There are 2 protein chains.
Amino acid sequence: MADVARRAGVSMATASRALSDHPHVAAGTRARVLAAAEQLSYVISPEASRLAGGVTGRVAVVVPHISRWFFATLLDGLEQVLREGGLDVLLYHVGDAADRRDFFQRLPARRKVDAVVVLGMPVHDAERDRLELMGVHIVAAGGQVENYPYVSIDDAAAGRQAVDHLIFLGHRRIGMIAAIDPAEPGWPVLPGRTLAYRAALADAGLPAGPELVVTVPWGGLSGADAMARLLSLREPPTAVYAHSDEVALGAMRTLRRAGLRIPEDMSVVGIDDHPMAELADLTTVAQPVLEQGVLAGRMLLELLAGGSGTDGATVPTRLVVRGSTAPPRR
Amino acid sequence: MADVARRAGVSMATASRALSDHPHVAAGTRARVLAAAEQLSYVISPEASRLAGGVTGRVAVVVPHISRWFFATLLDGLEQVLREGGLDVLLYHVGDAADRRDFFQRLPARRKVDAVVVLGMPVHDAERDRLELMGVHIVAAGGQVENYPYVSIDDAAAGRQAVDHLIFLGHRRIGMIAAIDPAEPGWPVLPGRTLAYRAALADAGLPAGPELVVTVPWGGLSGADAMARLLSLREPPTAVYAHSDEVALGAMRTLRRAGLRIPEDMSVVGIDDHPMAELADLTTVAQPVLEQGVLAGRMLLELLAGGSGTDGATVPTRLVVRGSTAPPRR
DNA sequence: GCAACCGCTGGAAGCGTTTCCGACTACGCA
DNA sequence: TGCGTAGTCGGAAACGCTTCCAGCGGTTGC
């Protein structure tokens with residue numbers, strides 16, 4: 001910066017002010033400084049800048065299972081907005097519970113970021129307290145979290161759309177493949193999607209035998225296994241509601257291999273509207289994933305700008321009817 | 001840190017050395033310093049540390065199309081290794097040509113990182129010159145880039161495995177669906193995969209009519225369109241080689257909708273071994289994606305540790321035969 | 001027995017900014 | 001004409017750490 005100041009014929013103090021857009025700098029002076037910086041292709045040192053009391057300009061994004069479409073797409077939207085807002089994205093992939101503990105243990109103390117965005121997972125109270133204690137903002141996207149700014153879908157409503165669709169088609173015996181996160185054993189994942197199932201059946205006066213619900217770790221192959229289990233029932237369902245499209249796609253493989261036709265012999269509905277759902281003609285409940293990332297980014301920007309921010313936003317889902325659902329044969 | 005030093009009864013110099021694991025510190029002294037730090041729950045300020053030390057402890061990762069499985073998985077592997085190596089990942093998503101130009105023009109990562117990893121895309125010469133301006137290490141993964149340490153597959157070999165498989169099964173009329181990056185119009189994407197096709201056909205003395213090759217922007221729906229075009233030929237192929245699994249899956253949808261059976265009426269083979277390939281019973285050429293990210297990470301770590309690093313690594317691919325390929329009917 | 005040496009430690013000079021505080025200029029007003 | 005004031009600008013002190021260099025006592029080599 002000394003070079004820039006010298007070249008512009010001003011002191012370092014003035015150069016600093018000009019570069020960081022402070023008031024009390026004459027327009028002409030500012031222009032000269034910026035020109036000099038440009039010519040020298042000067043870039044400020046974030047370390048020094050932060051050390052001297054500024055902010056880091058960095059945001060930590062915590063994401064589990066980054067290679068999955070849902071999380072990667074969320075990240076896509078978020079990164080876009082934050083980049084436009086002049087913030088850098090520091091990526092933290094917490095694959096399992098240990099990673100997670102590790103992250104919340106050290107990151108806040110390290111003072112590396114101004115804010116944390118948690119993607120697609122709930123945040124425990126203790127973790128939230130820890131973050132707030134360190135004075136960093138926190139925003140969540142893609143997973144229902146309370147007590148602080150978040151953006152997500154209404155899982156119960158989404159599940160309801162899926163199951164109600166099956167009921168409307170005339171199905172009376174509907175199975176559910178519930179997915180749980182293998183990295184968070186015992187953690188109630190997407191309880192809304194499960195509750196929706198029970199509520200919809202109850203409202204329609206349909207039986208909900210426990211044998212109709214299969215719970216498996218998240219994933220396509222798990223979905224395949226789960227479907228096999230449902231097929232092994234004495235009286236299999238005529239339709240299946242899967243917690244996610246990946247799981248549903250797995251279920252479809254089992255059906256295909258068993259020689260059953262979709263939707264004639266079995267209807268299948270998922271949630272998410274994964275790109276593959278379109279290719280597989282899977283009926284699903286679409287949620288705007290990219291948009292959730294974008295919204296979370298905007299929320300954070302507002303928060304960092306001093307705004308109070310909204311409490312949270314729930315984005316709407318919608319049923320997308322494709323070829324995997326139809327009335328039951330009988 | 002001054003507090004810690006005082007409490008431990010040493011100077012700041014010694015405290016610094018003890019905390020950063022330097023040699024030339026007596027074991028007892030180190031223990032005392034660490035204990036003091038522990039009691040005061042002291043954490044080092046990364047900014048100050050870096051300002052004084054000269055390194056940032058951060059790595060920029062440049063990735064296009066992050067929501068696609070391939071890139072996200074590459075990132076997954078890379079992040080894992082870098083995090084273990086104590087480095088933070090600064091994510092730069094260059095979605096389209098504009099982003100890309102912007103990135104290389106402004107070099108937003110300048111002064112912020114010790115190294116740059118470019119994932120899954122070739123770097124033009126001009127861009128490379130810009131990168132070198134940053135004066136940091138550069139590593140590429142998942143896309144062949146020369147002049148740099150890189151890790152990728154041999155696209156020509158992979159393509160060869162796919163096409164040779166079809167030829168071996170007895171197919172004489174083989175179509176190709178070539179994918180190009182919509183964000184990089186006119187850029188020769190994956191030329192190896194195209195060359196492999198021509199070479200394999202030539203070696204087997206098979207015709208390679210230009211009508212058998214359809215080039216579309218990357219994506220499942222594009223694959224579906226491409227397949228439709230192949231089916232509209234007076235004499236359609238009996239097998240199709242797609243540049244990627246997503247494209248192949250799209251092609252399969254068209255076949256399914258047309259009432260054609262796979263593999264009886266048409267064999268389909270892809271490249272990548274996308275998780276969905278397994279669910280769709282798609283024969284493909286698998287490439288170790290996560291591993292490429294991991295390897296690139298290790299390479300970088302070695303480079304940063306002062307090692308000379310290897311020039312590059314090519315990881316092997318292997319044919320995975322599933323249910324989408326079989327000998328032609330006639 | 002003396003010098004060279006070694007392992008450990010402390011003092012202090014940066015690292016590149018931001019920002020407080022004081023100074024200087026040019027003006028408006030009495 | 002003299003003085004207060006607003007608008008600018010420069011000097012210099014942090015910010016919290018790393019590391020060079022020198023000093024210290026004690027050990028080794030000849």
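In what follows, chains are A, B, ... by sequence order, proteins preceding strands, each numbered from 1. Since this is a predicted model, take the numbers as computed values, not measurements.
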Inter-axis angle, terminal five-pair segments of the helix from C/dG1-D/dC30 to C/dA30-D/dT1 [nearest 10°] |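 End axes: 40° apart.
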Euclidean distance, atom [atom1] of residue [X] to atom [atom2] of [N] [Å, nearest integer]:
X: B/Arg111; N: C/dG16; atom1: CZ; atom2: C1'; answer: 7 Å
X: B/Met1; N: D/dC15; atom1: CE; atom2: C1'; answer: 13 Å
X: A/Ile44; N: C/dC15; atom1: CD1; atom2: P; answer: 17 Å
X: A/Arg50; N: D/dC17; atom1: CZ; atom2: P; answer: 12 Å
X: B/Glu47; N: C/dC15; atom1: CD; atom2: P; answer: 18 Å

How close do A/Pro288 and A/Val315 get, heavy atom to heavy atom, and via which atoms?
->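 Closest heavy-atom pair between A/Pro288 and A/Val315: CG-CG2, 3.7 Å.
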Least distance between heavy atoms, A/Pro46 atom then A/Arg58 atom |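 Minimum heavy-atom separation between A/Pro46 and A/Arg58: CB-NH2, 4.4 Å.
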Any side-chain heavy-atom pair from [X] and [Y] closer than 4.5 angstrom?
X: A/Arg30; Y: A/Asp21; result: yes
X: A/Val117; Y: A/Val89; result: no
X: B/Thr14; Y: B/Thr29; result: yes
X: B/Leu82; Y: B/Leu301; result: yes
X: A/Val62; Y: A/Leu119; result: no

Residue mapping more 5' on DNA chain C - nearest nucleotide basis, B/Ser11 or B/Leu51 =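 The residue mapped nearer the 5' terminus is B/Ser11.
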Want to settle it: does B/Gly53 or B/Val10 sit nearer the 5' end of DNA chain C, counting the closest nucleotide to each?
->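 Final value for this comparison: B/Val10.
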Hey, what do you get for CD (B/Glu302) to NE2 (B/His137), rounding to the nearest 0.5 Å?
->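 It is 11.0 Å, given to the nearest 0.5 Å.
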Is there a residue in residues 12-32 of chain B whose heavy atoms reach under 4.0 Å of DNA chain D, and which residues are they?
->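 Only B/Met12, B/Ala13, B/Ser16, B/Arg17, B/His22 qualify.
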Quick one: is D/dT18 close enough that its OP1 or OP2 comes under 4.0 Å of any side-chain N or O from B/Ser49?
->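 True: B/Ser49 side-chain N/O within range (under 4.0 Å) of D/dT18 OP1/OP2.
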Do A/Asp76 and B/His93 meet the criterion of a side-chain donor-acceptor pair at a distance under 3.5 Å?
->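 Looking only at side-chain atoms, B/His93 and A/Asp76 do form a donor-acceptor pair, the distance falling under 3.5 Å.
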